[in-house]
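Right, one structure below, let's go through it.
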Amino acid sequence: MPQIWPRRSSLPRTTRGLEYSTLTVTGPAAHISGAFNLNGIAASPDGSTLIVAHSADSTIYTVDPTTGASGAISGADLPNIDGILIDGSRLWAVQNFSNQITELRLSGDLSSATVVRVITDDAFEIPTTVARWGNRLATVNAKFDTGFPPTATTYEVVEVDAR
C-alpha cells in the first residue's frame with residue numbers, strides 16, 4: 001500500500017508558532033455571496049500562479065500569488081466544484097453534489113480549459129477532494145447528503161482510473 005502522507009512535518013516554525021502570510025484575493029474570485037465560496041486550491045506547474053475553485057460561482061480562477069488579482073479560466077465553469085488537482089496541463093475538478101470528477105486540459109497560458117472527460121462511479125457519495133498516485137485518483141466521500149454536518153457512520157476513499 002502506498003504511503004500518501006509524509007510522517008513528519010516540514011512546516012516552518014518560529015517561537016511564536018507557525019510562520020504564515022495572507023493574500024487578499026481581488027477580482028472575480030473574491031466574490032463571497034454563496035454558502036461555499038473559494039474551495040479547492042492548487043499551484044500551476046511552474047509555481048507562478050494559484051488556481052482556485054469557487055463553489056458558489058461554479059468557476060475555476062487563476063490568482064496571482066503576489067498581488068491577489070484573479071481571472072476566470074474560460075471553459076472551466078463547473079457546478080458543485082470542490083477540490084482540484086493539477087498535473088502538468090491536466091486539471092481534475094471534483095464536483096461534489098454532481099458525484100463526478102471532471103478532467104480538463106489547461107491552455108499553456110491558463111486562460112482557458114477544455115473538458116476532456118467526466119468520471120463517474122456508483123461508489124461516489126458526494127466526493128470533495130482528490131489526490132493522485134500512479135494511474136489512480138482517490139477521492140473522499142463527504143456524504144453531505146446525510147445532513148450537515150454529515151451523519152453517516154462510515155466514510156470511504158474511492159479509487160478510479162486517472163488515465
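Note that CD of E103 and OG1 of T114 are 11.5 Å apart. Values are rounded to the nearest 0.5 Å. With rounding to the nearest 0.5 angstrom, the CG atom of L38 is 8.5 Å from the CG atom of D57. Interatomic distance, CG of N135 versus CD of E159, reported as 12.0 Å (0.5 Å rounding). Between the CZ atom in R117 and the CD atom in Q100 there is a gap of 12.0 Å [rounded to 0.5 Å]. Here CD1 of I81 is found 8.5 Å from CG of N39. Values are rounded to the nearest 0.5 Å. Atoms CD1 and CZ, on I119 and R163 in that order, are 11.5 Å from each other to the nearest 0.5 Å.
Contacts classified as ring pair (Phe, Tyr, Trp, His ring centres under 6.0 Å) and involving residues 88-127 (residues at least two apart or in different chains) are not found.
One hydrophobic cluster, built from ILVMFWY side chains closer than 4.5 Å, cannot hold both V130 and I84; they sit in different ones. With hydrophobic clusters built from ILVMFWY side chains whose heavy atoms lie under 4.5 angstrom apart, V158 shares a cluster with L137. Under the 4.5 Å side-chain heavy-atom criterion for ILVMFWY residues, a single connected hydrophobic cluster contains both I41 and Y61.
More than 12 non-hydrogen atoms from other residues, nucleotides or ligands lie less than 6.0 angstrom from CG of D161.
N99 contributes no side-chain N or O that, together with a main-chain N or O of D121, makes up a donor-acceptor pair within less than 3.5 Å. The backbone N or O of I32 sits nowhere less than 3.5 Å from a side-chain atom of H54 that would complete a donor-acceptor pair. Between the side chain of S107 and the main chain of S111, a donor-acceptor pair closer than 3.5 Å is present. N80 contributes no side-chain N or O that, together with a main-chain N or O of Q95, makes up a donor-acceptor pair within less than 3.5 Å.
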Applying side-chain contact (heavy atoms from CB on, under 4.5 Å), run through Y155 and N141 and close with a yes or a no.
-> CA-CA 6 Å; Y155 295 86; N141 281 334; 5.5 Å; no
Just do the side-chain contact (heavy atoms from CB on, under 4.5 Å) check on T139 and V160 with the steps written out, would you?
-> CA-CA 8 Å; T139 187; V160 294; 5.9 Å; no
Kindly determine whether S55 and N37 satisfy side-chain contact (heavy atoms from CB on, under 4.5 Å), including the steps that lead there.
-> CA-CA 5 Å; S55 297; N37 297 292; over 6 Å; no
side-chain contact (heavy atoms from CB on, under 4.5 Å) between L106 and I51: does it pass, once the steps are laid out?
-> CA-CA 11 Å; L106 294 168; I51 298 173; 4.3 Å; yes
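Looking at every heavy atom in both residues, A42 comes nearest to I86 through CB-CD1, 3.7 Å. In terms of heavy atoms, D46 sits closest to S48 at OD1-OG, 2.7 Å.
For the pair I126 and K143, the minimum side-chain heavy-atom distance is 4.5 Å or more. Side-chain contact between L91 and I60 is present, with heavy atoms from C-beta onward closer than 4.5 Å. Side-chain contact between L23 and V63 is present, with at least one heavy-atom pair separated by less than 4.5 Å. Considering only heavy atoms from C-beta on, R90 comes within 4.5 Å of R132 through its side chain.
No side-chain donor-acceptor contact under 3.5 Å links T128 and N96. No hydrogens or angles considered: a donor-acceptor pair under 3.5 Å links the side chains of R105 and S89.
Ring-plane geometry between F148 and F36 is classed as perpendicular, the angle between the planes exceeding 60 degrees on a 0 to 90 degree scale with a lower cut at 30.
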Validation: residues 66-79 side-chain donor-acceptor distances under 3.5 Å, sequence neighbours left out:
from: T67; atom 1: OG1; to: A69; atom 2: N; distance (Å): 3.2
from: S70; atom 1: OG; to: T26; atom 2: O; distance (Å): 2.6
from: S70; atom 1: OG; to: A29; atom 2: N; distance (Å): 3.0
from: D77; atom 1: OD1; to: T59; atom 2: OG1; distance (Å): 3.2

